[in-house]
> 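Could you have a look at this structure, given as structure tokens, before my questions?
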Amino acid sequence: MSEIKLQRVSKYIYEIPQQAGMNVPGTVFISEKLLKLISKDKTLQQVRNVACLPGILKASIVLSDAHQGYGFPIGGVAAFDLEKGIISPGGVGYDINCGVRLLRTNLAQTDVMTRRKEVAEALYRKIPSGVGRGSKLKLNRRDLDNVLERGAPHVVEMGYGCQEDYLHMEEEGCMQGADASAVSPRAKDRGIGQLGTLGAGNHFLEVQAIGEIYDTDVARVLGLSEGQIMLMIHCGSRGLGHQVASDYIKKMEHEYGIERLPDRELIYAPIKSQLGKDYLAAMAAAMNFAFANRQVITHWTREEMQYLFPDVTVDTIYDVCHNIAKFEEHTIDDQQKTVCVHRKGATRSFGPGRSEIPDSYRDIGQPVIIPGSMGTASYLLIGTRESEELTFGSCAHGAGRVISRRAALRSLRGEDVQKQLESRDIEVRAGSWRSIAEEAPEAYKDIDEVIEVMHELNISRKVARLTPISVVKG
DNA sequence: ATGTTC
């Protein structure tokens, strides 16, 4: 692998100039400190490889939380022309529609602090978590197909939550174009018992307090003030989405071969091809499973909070996707056109006025929700028109690992990590000591720095910083 | 991320 030439354009913007084989340049929106953390892995080579794909428009982009992923970098954005372009499962990620929901409560920090152990314990018991963990919700085959094609509104119809929930989600909780018949029986087998489960890894359910508000005007519209208790749900499409990704990677390798690719993990199908269309229909179905998953977890979380705090109200602020591909309108060379945007570990961050944003937020822009790692802050930001110009309307999505799971297990003990969090008044419940060690704050980048870069570039503006009180992990 | 090696 040849050395990657990186030119500094400004304090937080670097460019990989277009060279032989590349159809566009690479653009890296990052600080010097965060750039150093990815200098030894394949992130920048992956940015360059993506720039070589057919029909890519404007630039192969990574954001401040960039790190190496399967084929495409995580923290990456790539948009493709509908005629000449491609769709790639590696550009979406294995956890299709991994995403985050933020819920607002009417509780104050003081209501919860003294009961934080009880709250962590209760939520841990209520929401199934951990690898391979099943749900108490038993779906039949027909219900599952409805979930896959109709998403969150379908589970609301089944009694899990309210209309106000899905009206405050990307796509109003239902991705159009989903086709349950494009999802393999094996993927359905894996998913049927997993609706309403958190999963493992960096997925979590947290009770958080608003520590700081940066934008009082936006906070007022969203009904937020300092010291207020919020709930954050971070999870995806579980085994179902993982199986959809595996199935279509295999199908595409079989149909198109891997010989001419710079990296076999970049396997793709033309957007216009039958296989490309089939993947898009299956991906949309997996997206809907993830939307419905976060909706069911929202309902159970609301129930449990109402049991613990009888007068509590729990309202959905917004629900964002971090791993998706979508058809969207963007302006390229002063021409408006529909393109296929891959966001892999990236958050949509549309500015004010976009028709995709709920009416109540149309004037302020889209809420951008960015979870921190275990025991660290999370952020609420607001999308901007600048992001539409710079990054196809996309912002970073999280802290991103800085040492591997294996390295974390070598250097950290789960018991010590939990004690250390306890000393900072953070109560953690998880399925295993191992997952606590793997997810230790030390294993992740500095979320404050990741956010600062996005804020300084006006890709999204900071609204509020949220700090954890009770944490449920897989 | 993932029935953590179908």
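Residue numbers begin at 1 in each chain, while the letters A, B, ... track the order of the sequences. Quick note: numbers below take in every heavy atom, side chains included, and nothing from hydrogens, waters or symmetry partners.
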> Could you tell me whether the phosphate oxygens of B:dT4, OP1 or OP2, come under 4.0 Å of any side-chain nitrogen or oxygen in A:Arg405?
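So the side chain of A:Arg405 is outside the cut-off, no N or O lying under 4.0 Å from OP1 or OP2 of B:dT4.
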> Rounded to whole angstroms, how far apart are NE2 on A:His242 and C1' on B:dT4?
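That distance rounds to 9 Å.
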> Checking side-chain polar atoms at under 3.5 Å, does A:Gln274 have a donor or acceptor matched by the opposite partner on A:Asp278?
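A donor-acceptor contact under 3.5 Å links the two side chains.
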> Write down the distance between CD (A:Gln243) and P (B:dT5), rounded to a whole number of angstrom.
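So the two atoms are 15 Å apart, to the nearest Å.
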> Between A:Asp189 (CG) and B:dT2 (P), how many Å, whole number?
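Whole-Å distance recorded here is 18 Å.
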> With a 4.5 Å limit on heavy-atom distance, are the side chains of A:Ser60 and A:Thr27 in contact?
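The answer is no; the side chains never approach within 4.5 Å.
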> Take atom CD of A:Gln194 and atom P of B:dT4, then tell me their distance rounded to the nearest Å.
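That distance rounds to 12 Å.
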> Please report, rounded to the nearest Å, how far the P atom of B:dT4 is from the OH atom of A:Tyr70.
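So the two atoms are 17 Å apart, to the nearest Å.
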> Does this structure show an ion pair linking A:Lys117 with A:Glu121, if we count only N-O contacts that are shorter than 4.0 Å?
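Salt bridge between A:Lys117 and A:Glu121, a charged N being under 4.0 Å from a carboxylate O: no.
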> For A:Gly236, answer base if it contacts any base atom (sugar-phosphate contacts may also be present), sugar-phosphate if it contacts only those atoms, and nothing otherwise; contact means non-hydrogen atoms under 4.0 Å.
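Result for A:Gly236 = nothing.
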> Identify whether any heavy atom of A:Arg186 sits under 4.0 Å from a base atom; if not, whether one sits that close to sugar-phosphate; answer base, sugar-phosphate or nothing.
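Base, at least one base atom sits under 4.0 Å.
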> Expressed in angstrom and rounded to an integer, what is the separation of A:Arg434 atom CZ from B:dT2 atom C1'?
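That distance rounds to 12 Å.
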> Counting any heavy atom closer than 4.0 Å, what does A:Gly241 reach on the DNA or RNA strands: base, sugar-phosphate only, or nothing?
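Touches nothing.
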> On the six-membered ring of A:Tyr279, is A:Lys251 placed so that its NZ or CZ lies under 6.0 angstrom from the centre and within 45° of the ring axis?
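That pair does not qualify as a cation-pi contact.
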> Could you tell me whether A:Glu438 contacts a base, only the sugar-phosphate backbone, or nothing, with contacts defined as non-hydrogen atoms closer than 4.0 Å?
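No contact.
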> Without decimals, in angstroms, what is the distance between A:Leu409 CG and B:dT4 P?
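Those two atoms, CG and P, are 16 Å apart.
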> Considering residues at least two apart in sequence or located in another chain, which fulfil the side-chain hydrogen bond (donor to acceptor under 3.5 Å, both in side chains) criterion with A:Asn146?
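A:Asn146 satisfies side-chain hydrogen bond (donor to acceptor under 3.5 Å, both in side chains) with no residue once adjacent residues are dropped.
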> What is the distance from OH of A:Tyr94 to C1' of B:dT5, rounded to the nearest Å?
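Checked: the OH to C1' distance equals 13 Å.
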> Contact class for A:Ala200 vs. all strands (heavy atom < 4.0 Å): base, sugar-phosphate, or nothing?
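It contacts sugar-phosphate atoms only.
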